[in-house]
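Remember, predicted model here, so these are calculated numbers, not experimental data.
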Amino acid sequence: MAAVLTAASILQCPHGFPFTVLPSQQLFTVDGQFVLVGGDLTNAPITSCTVQVPCKNITSVTVGLSTTFEIGEDQVVLDTATGATNALVGWRVQSAGQLKMEAA
């Protein structure tokens, strides 16, 4: 089982800069924060990366979407999620931001 990501979760670009993602759904919360779904990560902006060729957005999610928990028709994002940005492969979850809910 892995922790479910919420608006309080902190992700990290491949250069090590932390960023957050805004949730699109407003139906389900954990610890007072809306849960992130896969569609939230598609083209999610990364404004904190300041290297010469910065990460500007997430371009893919290769793993880490729940196979058992969906909101609407979109899979919930787990703390095992990773993928690519416009600059490099390897964004990752730095902190789930909550410890109350897990899913597979």
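Under the 4.5 Å side-chain heavy-atom criterion for grouping Ile, Leu, Val, Met, Phe, Trp and Tyr, Phe69 is connected to Val37 within one hydrophobic cluster. Two different hydrophobic clusters hold Leu5 and Ile71 under the rule that ILVMFWY side chains link at heavy-atom gaps under 4.5 Å. Under the 4.5 Å side-chain heavy-atom criterion for grouping Ile, Leu, Val, Met, Phe, Trp and Tyr, Val4 is connected to Leu27 within one hydrophobic cluster.
The only option from Val21, Val35, Thr6, Leu36 that meets the side-chain contact (heavy atoms from CB on, under 4.5 Å) definition with Val77 turns out to be Leu36.
Of all heavy-atom pairs between Cys55 and Thr85, the closest is SG-OG1, 3.2 Å. The shortest heavy-atom contact between Thr68 and Ala104 is OG1-O, 3.0 Å. Here the closest non-hydrogen pair linking Leu65 and Gly38 is CD2-CA, 3.8 Å. The nearest pair of heavy atoms linking Asn86 to Pro54 is ND2-O, 3.5 Å. For the residue pair Ile10 and Pro18, the shortest heavy atom distance occurs at CG2-CB, 3.7 Å. In terms of heavy-atom proximity, Thr67 sits nearest to Gln75 at CA-NE2, 4.4 Å.
Atom CG of Asp79 and atom CG of Leu11 lie 10.5 Å apart (nearest 0.5 Å). Taken from CG in Leu99 to CG in Asp31, the straight-line distance is 8.5 Å, to the nearest 0.5 Å. The NZ atom of Lys56 sits 13.0 Å away from the CG atom of Asn43 when rounded to the nearest 0.5 Å. Distance check: Gln12 CD to Cys49 SG gives 10.5 Å after rounding to the nearest 0.5 Å. To the nearest 0.5 Å, the span separating CD1 on Ile58 from OG1 on Thr42 amounts to 8.5 Å. Taken to the nearest 0.5 Å, the OG1 atom of Thr80 stands 13.0 Å off from the CZ atom of Arg92.
Panel note: side chain Thr29, backbone Phe34; no donor-acceptor pair is recorded below 3.5 Å. Remark: the backbone N or O of Ala84 is paired with a side-chain donor or acceptor of Ser60 at under 3.5 angstrom.
Put simply, the side chain of Phe17 reaches to within 4.5 Å of the side chain of Thr50, judged on heavy atoms. Under the 4.5 Å side-chain criterion, counting only non-hydrogen atoms from C-beta, Thr82 is in contact with Thr62. In this structure, the side chains of Leu41 and Trp91 come closer than 4.5 Å at one or more pairs of heavy atoms. Within the 4.5 Å cutoff, the side chain of Cys13 has no heavy atoms near those of the Ser48 side chain.
Defined by atom type and a distance below 3.5 Å, a donor-acceptor pair is present between the side-chain atoms of Ser24 and Asp40.
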